[in-house]
Asker: 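I am attaching a structure below and will ask some questions about it afterwards.
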Amino acid sequence: MSHRSIRVASALMASAVIIPCLTAGTADAGTKSSGSGPADSRVVVSEDFSGNSLPAGFRPAEGTWEVKNGRLYGTSADGNQQSRITFGEHLDDFRFEVTARFESVKDAARWTAMGLDVPANGSVPWSIATMRSGTTASNGLEFAQRTSADAWNVTDTAAAPSAAGTGRDVRIAVEVHGTKARWFFDGREAMRTTRVARSADGVEALVVNGSTVSFDDLLVTELPAESWIRPTGSPMTVIAHRGASSAAPENTLVSDEIARRGGAEYIENDVQPSKDGVPYVLHDDKVDRTTDGKGAVRDLTSAQLDALDAGSWFGPAYAGTRIPTLAAQLDDLRTRGGDLLLEIKGAHTRDEVATIVRTIREHGMTDRVFVQSFEVDALKYTYELAPELPLGLLRGSLDADPVALSEELHLASYNPSDDALSKRPGVVSDLHRAGVAVMVWTVDSATRWQALEAGGVDGIITNRPAELSGWNAAQRQERPTPPAEPTVTITSPAASASLDRSQTPVAAVQATGADKVSLTLDGASVAPGKPLDLTSLAAGPHTLRAEVTGPGGTATTTSAFTLRATPTGLAHLILTSGADINRVATLTTMLGHGHYAQLADWAARQSGNGLPAARAALIVAEARALSAG
């Protein structure tokens, strides 16, 4: 094991390992799928590179990769070489964290990256989270894509809070939920994106460019489905009302793009059918206000709607902008990023709702669309046709019992106006207890953002998504990151190991987010990092139990091993018994000839007579077990 700056073994009894855990808290209700709780999160890759070769499942695709000194080293000869190594498996919701250190760089613009979605053979396209050695530059951290055309598409950039430089360990991590991701640098969230390009089978990877970088303590964990209910300490979800409607013509693809670039996590748009049944994205029941046409949407054919100018009313720069169909909008979101909060506008028949559902499914967006409506029937039809789609009920005033109605309609979120919620703010906690999120419309005031954030609201529908995104970022800088729940694993002896008395396994514990570690063997305290004395244990099963405590709480785990009788173990009992030399010689002679029954009888007679009684009992039991076997 290499020496690591993140290890505090000397402070925690030899080999107990403390690794900062950066995972945000998760709610136990209101998830996007039934999902399992945080305790059921699955470790997919856990590697400390303590061996002498590349671990099983690590596949070099380019450049030089080797394990030495307890670390994985990746080398890229120059800025044109993207050295990469793949591992893991395809995951929709996961956390990827690793300790990285630039050993040498060609220049401060060179970088390393965590591969978030990379083909197992390392070919394009990829999605990565990049860190330059000059991390405090405006593009020191990036979310980027290497496209199928082998070109770069950098979607998001940020400066890290401190410099990585060379020769310094930094703990970096990314949490991914579908196309959304959060970048963490040394425990601090630095950036978010909604534009991670995903594939059906991409895995995880490490990438190095124009430098030599070493890595340690790599951990990939599958996460529960993201919660609609805002985790403690996390910012409110930014939902762009009709796109960035204060900056571009509402309910258009250009408005969506501006909202996306401004940091919106969801685009809120309205959908209603044309005369010939094609779903279009438009708010008003008439086209008069936001196009150069006239008449009700439902009285105009798709050909007539396609011909309208939906941008000139907002400004001459947007002349020629068209009303998008729902299909076009879904395609845009799928390829460019972002999720959709889709309002079914006005009364819809079941067949009209079925067309909307079919369009969502045909475009492969069921996991990225949240349906809301003022119309209860529309939500009922949606649930009947597509129970996998989350539902939100829009309200201008609060119902007498929002919790009961939410249960009746199978709601994931109850979405009141800001004015309505301000009259009964306590309903937020009532809904949260029932596993229902709260998304409030339409709020453009920072003063109200502050009040709603303090009141536990989960998401804000706003005409000013870029400003709300910036406000959220400022709030994150001002408040400390909530402590993560600790985790603990007993790494030695290995689970279900079969041992004999000649072995002296070290009791080793690996923990995250912990200040205190305690370890017991069959209820008796033992020291982590110290060898276990197996000569005093009875043959058979034994249980180790570890408990860790940290700012985020307490975690426990157990691991069992079996102590079995072997000639080698019996020899160890005899040679370390403290018996006089003549008795040791007699016992070892009988052992050498395999006379186990005779050895047991003789040792029993010598108990307390030159052979300590406690040790004699173990020798007798061991010899009789061998004789019986």
Asker: Please answer whether the main-chain N or O of T147 pairs with a side-chain N or O of Q145 as donor and acceptor at a distance below 3.5 Å.
Answerer: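 Pair absent, no side-chain N/O of Q145 close to backbone of T147.
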
Asker: Is there a donor in the side chain of R101 and an acceptor in the side chain of T166, or the other way round, less than 3.5 Å apart?
Answerer: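 Checked: R101/T166 side chains show no N/O donor-acceptor pair below 3.5 Å.
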
Asker: For I85 and P60, which heavy atoms make the closest approach, and how far apart are they?
Answerer: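 Smallest heavy-atom distance, with atoms named: CG1-N, 3.6 Å.
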
Asker: Considering only NZ, NE, NH1 and NH2 on the basic side and carboxylate oxygens on the acidic side, decide whether E89 and R42 come within less than 4.0 Å.
Answerer: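 Salt bridge: yes.
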
Asker: Examine the side chains of S199 and D117 and answer whether a donor and an acceptor come within less than 3.5 Å of each other.
Answerer: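 S199 vs D117: donor-acceptor pair found between side chains.
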
Asker: Show the nearest heavy-atom pair for residues A597 and S627, with the distance to one decimal.
Answerer: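 A597 and S627 have their closest heavy atoms at CB-OG, 3.7 Å.
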
Asker: Does R132 use its side chain to pair, donor to acceptor, with the backbone of A109 at less than 3.5 Å?
Answerer: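 Pair found, side chain donor or acceptor close to backbone of A109.
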
Asker: Which class fits the ring pair H595 and H593: parallel under 30°, tilted 30 to 60°, perpendicular over 60°?
Answerer: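 Answer is parallel, since the angle falls under 30°.
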
Asker: For T576 and R615: C-alpha separation, side-chain torsions, deciding distance, then whether side chain to side chain donor-acceptor pair (under 3.5 Å) applies.
Answerer: CA-CA 9 Å; T576 61; R615 183 56 61 89; 2.9 Å; yes

Asker: Side chains of T157 and N139: donor-acceptor distance under 3.5 Å anywhere?
Answerer: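 Absent: no donor and acceptor within the cut-off.
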
Asker: Decide whether H572 and D500 meet the rule of one side-chain donor and one side-chain acceptor closer than 3.5 Å.
Answerer: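 No.
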
Asker: What do the steps show when you test L599 against T586 for side chain to side chain contact (heavy atoms under 4.5 Å, CB included), and what is the final call?
Answerer: CA-CA 9 Å; L599 188 158; T586 301; over 6 Å; no

Asker: Heavy atoms, side chains only, cut-off 4.5 Å: are T543 and D522 in contact?
Answerer: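 They are in contact (side-chain heavy atoms under 4.5 Å apart), so the answer is yes.
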
Asker: Whether D150 and R146 form a salt bridge (side-chain N of Lys/Arg under 4.0 Å from carboxylate O of Asp/Glu) is what I want to check.
Answerer: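 Salt bridge flag = yes for D150 with R146.
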
Asker: Just so I know, are the side chains of L532 and P493 near enough to count as touching, which here means a heavy-atom distance under 4.5 Å?
Answerer: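 Answer yes - side chains close enough.
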
Asker: With no hydrogens and no angle check, is any side-chain donor or acceptor of S577 less than 3.5 Å from a backbone partner on A579?
Answerer: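 Confirmed, S577 side chain pairs with A579 backbone.
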
Asker: Hey, are the side chains of Q606 and L587 touching, using non-hydrogen atoms and a 4.5 Å cut-off?
Answerer: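 No - every pair of side-chain heavy atoms lies 4.5 Å or more apart.
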
Asker: So, are R624 and E622 salt-bridged, with charged N and O less than 4.0 Å apart?
Answerer: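 A salt bridge is absent here (no side-chain N lies under 4.0 Å from a carboxylate O).
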
Asker: Does CG in N121 sit with more than 12 non-hydrogen atoms of other residues, nucleotides or ligands closer than 6.0 Å?
Answerer: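 Counting other residues, nucleotides and ligands, CG of N121 exceeds 12 neighbours.
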
Asker: Give a yes or no on whether a salt bridge exists between K106 and D78, defined as a side-chain N under 4.0 angstrom from a carboxylate O.
Answerer: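 D78 and K106: not salt-bridged.
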
Asker: Can any side-chain N or O of T568 pair as donor or acceptor with the backbone N or O of S502 at less than 3.5 Å?
Answerer: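 Side chain of T568 to backbone of S502, a donor-acceptor pair under 3.5 Å: no, none is there.
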
Asker: As a quick check of understanding, evaluate side chain to side chain contact (heavy atoms under 4.5 Å, CB included) for V67 and N52, giving each step before the final call.
Answerer: CA-CA 6 Å; V67 172; N52 297 315; over 6 Å; no

Asker: Any donor-acceptor pair under 3.5 Å linking the side-chain atoms of S214 with those of R71?
Answerer: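 Side-chain D/A pair, R71 to S214: present.
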
Asker: Kindly determine whether L591 and I574 satisfy side chain to side chain contact (heavy atoms under 4.5 Å, CB included), including the steps that lead there.
Answerer: CA-CA 10 Å; L591 174 62; I574 294 169; 4.2 Å; yes

Asker: Please walk me through it: do R501 and D533 pass salt bridge (Lys or Arg N to Asp or Glu O under 4.0 Å)?
Answerer: CA-CA 8 Å; R501 299 180 190 281; D533 180 9; over 6 Å; no

Asker: Could you label the plane-to-plane angle of the F87 and F96 rings as parallel, tilted or perpendicular, counting under 30° as parallel and over 60° as perpendicular?
Answerer: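 F87 and F96: perpendicular rings.
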
Asker: Check the pair V488, E547 against side chain to side chain contact (heavy atoms under 4.5 Å, CB included), reporting the backbone distance first and the verdict last.
Answerer: CA-CA 7 Å; V488 60; E547 179 175 291; over 6 Å; no

Asker: For a 4.5 angstrom cut-off between non-hydrogen side-chain atoms, does T112 reach T130?
Answerer: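 The answer is no; the side chains never approach within 4.5 Å.
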
Asker: Do the side-chain N and O atoms of R564 and S498 include a donor-acceptor pair separated by under 3.5 angstrom?
Answerer: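 Yes, side-chain donor-acceptor contact under 3.5 Å.
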
Asker: If you compare all heavy atoms of A163 against all heavy atoms of T136, which two are closest, and at what distance to 0.1 Å?
Answerer: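 Taking A163 first and T136 second, the nearest heavy atoms are N-CG2, 3.6 Å.
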
Asker: Is I490 close to F561 at the side-chain level, that is, under 4.5 Å between some pair of heavy atoms?
Answerer: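 The answer is no; the side chains never approach within 4.5 Å.
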
Asker: Indicate whether any N or O donor in one side chain lies under 3.5 Å from an N or O acceptor in the other, for T86 and R59.
Answerer: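 Per modelled atom types, T86 and R59 side chains form a pair under 3.5 Å.
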
Asker: Is any side-chain heavy atom of T535 closer than 4.5 Å to one of L618?
Answerer: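 Side-chain contact under 4.5 Å: no.
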
Asker: Judged by modelled atom types alone, do T212 and T75 share a side-chain donor-acceptor pair under 3.5 Å?
Answerer: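 A pair is found: one side chain offers a donor N or O, the other an acceptor, under 3.5 Å apart.
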
Asker: Within the structure provided, determine whether M191 and R182 are in side-chain contact (heavy-atom separation under 4.5 Å).
Answerer: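 Answer no - side chains too far apart.
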
Asker: Restricting to non-hydrogen atoms, name the atom on V207 and the atom on R84 that form the minimum distance, rounded to 0.1 Å.
Answerer: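 Smallest interatomic distance, heavy atoms only, reads CG2-CB, 4.0 Å.
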
Asker: Is the backbone N or O of E62 less than 3.5 Å from a side-chain atom of W65, with the two atoms forming a donor-acceptor pair by type?
Answerer: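 Indeed, once roles are kept as given, a pair shorter than 3.5 Å links the two residues.
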
Asker: Could you tell me whether the side chain of T489 and the main chain of T491 form a donor-acceptor pair under 3.5 Å?
Answerer: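 Not confirmed, T489 side chain does not pair with T491 backbone.
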
Asker: Can you confirm whether N209 sits close enough to Q81 that some side-chain heavy atom of one is under 4.5 Å from a side-chain heavy atom of the other?
Answerer: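 Counting from C-beta outward, N209 and Q81 never come under 4.5 Å.
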
Asker: Looking at G79 and Q82, what are the two nearest heavy atoms and their distance?
Answerer: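 Answer, listing the atom of G79 first, then Q82: O-OE1, 3.6 Å.
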
Asker: Any salt bridge linking K180 with E226? Criterion: basic side-chain nitrogen under 4.0 Å from a carboxylate oxygen.
Answerer: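 A salt bridge links K180 with E226.
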
Asker: NE2/H542 to CG/L521 distance, rounded to the nearest 0.5 angstrom?
Answerer: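 H542 NE2 to L521 CG: 7.0 Å, rounded to 0.5 Å.
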
Asker: Does a side chain donor of either T99 or R171 reach within less than 3.5 Å of an acceptor in the other side chain?
Answerer: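 R171 and T99 do have a side-chain donor-acceptor pair below 3.5 Å.
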
Asker: Mind checking whether W152 and W126 have parallel, tilted or perpendicular rings, split at 30° and 60°?
Answerer: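 It falls in the perpendicular class, over 60°.
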
Asker: For W183 and E142, indicate whether the former's side chain and the latter's backbone hold a donor-acceptor pair under 3.5 Å.
Answerer: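 Side chain of W183 to backbone of E142, a donor-acceptor pair under 3.5 Å: yes, one is there.
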
Asker: Within the side chain of S492, is there an N or O that forms a donor-acceptor pair under 3.5 Å with the backbone of A508?
Answerer: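 Checking the backbone N and O of A508 against the side chain of S492, no donor-acceptor pair under 3.5 Å is found.
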
Asker: Minimum heavy-atom separation for S83 to T64, with atom names?
Answerer: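 Here S83 and T64 meet closest at OG-N, 4.4 Å.
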
Asker: For T588 and A585, indicate whether the former's side chain and the latter's backbone hold a donor-acceptor pair under 3.5 Å.
Answerer: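 Yes; judged by distance alone, with no hydrogens or angles, the pair exists.
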
Asker: Mind running side chain to side chain donor-acceptor pair (under 3.5 Å) on H177 and D93 for me, showing each step along the way?
Answerer: CA-CA 4 Å; H177 289 284; D93 303 276; 2.6 Å; yes

